[in-house]
Amino acid sequence: MAKVTISTLDKIKASGDKFVCITAYDATFARLIEEAGAETMLVGDSLGMVLQGHESTIPVTIRDMEYHTRCVARVANSALVMADMPFMSYGNTEEALRNASLLMQAGAQMVKLEGGVWLSDTIQALVERGIPVCAHLGLTPQSVNVFGGYRVQGRTPKQAKSILADAVEIQDAGASILLLECVPAPLATDITAKVDIPVIGIGAGPGTDAQVLVLHDLLGLSTHQPRFVENFMTGQTSIQGALKAFVDAVKSGAYPREEQSYTA
Ligand code: KIV
């Protein structure tokens, strides 16, 4: 596969095809994920839970993210590597620029931040200085204590309107990708149609341009089982087989199914 860039993903959105993202934290899995045909990999701060054993992403540091981004980026040939900006590493624009630079210098091609309108100026500053941004909306796990748990967002008309407004605003600020987590499927479909940038969904139904899952979840290794998680090891005899099954299911539209989505 040729090197995937933002324009590759824009073209996939325009064609109506789907692309795939899987979280990666080390070189071995990054290689397998790329071999399975995923166009993008996310060095997610979910590593706080699946690698470090924390209960949330909040303890993850920029040093942790730098280290795992280096491990993944060292072997990524074709896939576009995104890296999460961890909790409080983008509290203001100056901090965001400094910390995003560390992730880009570790090999990321894009950074991901959680938030909407309040991040507009920061997104604009990052993009102006050559740092592409993916903005994460809906259930933003770094705000779990504000939400009072990992809850579906955008279920009331007021919340849905606010998430749509955030999506438009962050696109206007220059974000290249939007990631929607745990929002009702009709809202995600509506946002995907209304913005020009590619939208990646997780627990957001089948209407987004792409799907992402946490590696350990799709391999059936996690103890929690939210509705949208499918164990792709089922019926497979190898990790490679499970990764390929996930990629194929997203591209064919077989994943996610309706019962794996949320309603308003
Ligand atoms: O950190 C992560 O793995 C993520 C995904 C849940 C999208 O942000």
Side-chain angles (χ1 to χ4, degrees), residues 6 9-10 13 21 42 44-45 56-58 60 62 65 82-101 103-104 108 110-205 207-210 212 262 264:
I6 295 163
L9 304 179
D10 287 340
K13 176 173 178 116
C21 182
L42 170 66
D45 59 356
S56 76
T57 56
I58 290 170
V60 177
I62 191 70
M65 293 310 302
M82 294 190 273
D84 263 333
M85 301 274 293
F87 182 68
M88 273 305 147
S89 66
Y90 49 99
N92 59 50
T93 299
E94 202 181 317
E95 270 185 288
L97 290 172
R98 190 175 55 248
N99 289 317
S101 308
L103 298 183
M104 295 299 280
M110 187 178 295
V111 296
K112 179 163 79 61
L113 294 79
E114 297 184 6
V117 172
W118 71 270
L119 274 176
S120 287
D121 291 347
T122 297
I123 292 173
Q124 196 177 335
L126 288 165
V127 175
E128 280 170 353
R129 287 158 183 80
I131 302 180
V133 171
C134 170
H136 185 153
L137 297 176
L139 170 52
T140 46
Q142 290 169 14
S143 301
V144 60
N145 292 310
V146 175
F147 295 143
Y150 294 98
R151 297 174 197 282
V152 178
Q153 301 296 305
R155 278 194 147 142
T156 66
K158 192 173 164 208
Q159 274 184 353
K161 206 170 149 203
S162 152
I163 295 173
L164 172 61
D166 278 339
V168 172
E169 173 86 18
I170 61 96
Q171 164 171 264
D172 292 348
S176 298
I177 297 184
L178 173 62
L179 189 146
L180 290 176
E181 178 166 356
C182 290
V183 298
L187 173 63
T189 304
D190 186 37
I191 292 174
T192 305
K194 286 193 171 126
V195 297
D196 297 325
I197 56 176
V199 179
I200 304 177
I202 174 165
T208 54
D209 303 305
V212 59
Y262 300 101

Side-chain heavy atoms of [X] within contact of [Y], under 4.5 Å:
X: P86; Y: T57; value: no
X: P141; Y: H136; value: yes
X: T192; Y: K13; value: yes
X: Y262; Y: C182; value: yes
X: V183; Y: I191; value: no
X: S176; Y: I197; value: no
X: D45; Y: F87; value: no
X: S89; Y: M65; value: no

In Å and rounded to the nearest 0.5 Å, what is the [atom1] to [atom2] distance from [X] to [Y]?
X: Q124; Y: T93; atom1: CD; atom2: OG1; value: 9.5 Å
X: K112; Y: Y90; atom1: NZ; atom2: OH; value: 7.5 Å
X: L113; Y: T140; atom1: CG; atom2: OG1; value: 11.5 Å
X: E181; Y: I200; atom1: CD; atom2: CD1; value: 12.0 Å
X: L137; Y: D166; atom1: CG; atom2: CG; value: 5.5 Å
X: Q171; Y: I123; atom1: CD; atom2: CD1; value: 11.0 Å

Verify, without hydrogens or angle tests, whether Q153 (side chain) and R151 (backbone) share a donor-acceptor contact under 3.5 angstrom. yes
Is a donor on one side and an acceptor on the other found under 3.5 Å between the side chain of Q142 and the backbone of M85? yes
Closest non-hydrogen atom pair between [X] and [Y], with its separation:
X: C21; Y: M82; answer: SG-CE, 3.9 Å
X: T208; Y: G201; answer: OG1-N, 3.6 Å
X: A173; Y: S120; answer: CB-O, 3.6 Å
X: C134; Y: L179; answer: SG-CB, 3.9 Å
X: P184; Y: G154; answer: CG-O, 3.6 Å
X: A204; Y: L180; answer: CB-O, 3.7 Å

The single option from V127, L178, L119, T122 that satisfies side chain to side chain contact (heavy atoms under 4.5 Å, CB included) with V133 is V127
Residue D172 excluded, over 12 heavy atoms near CG under 6.0 Å: yes
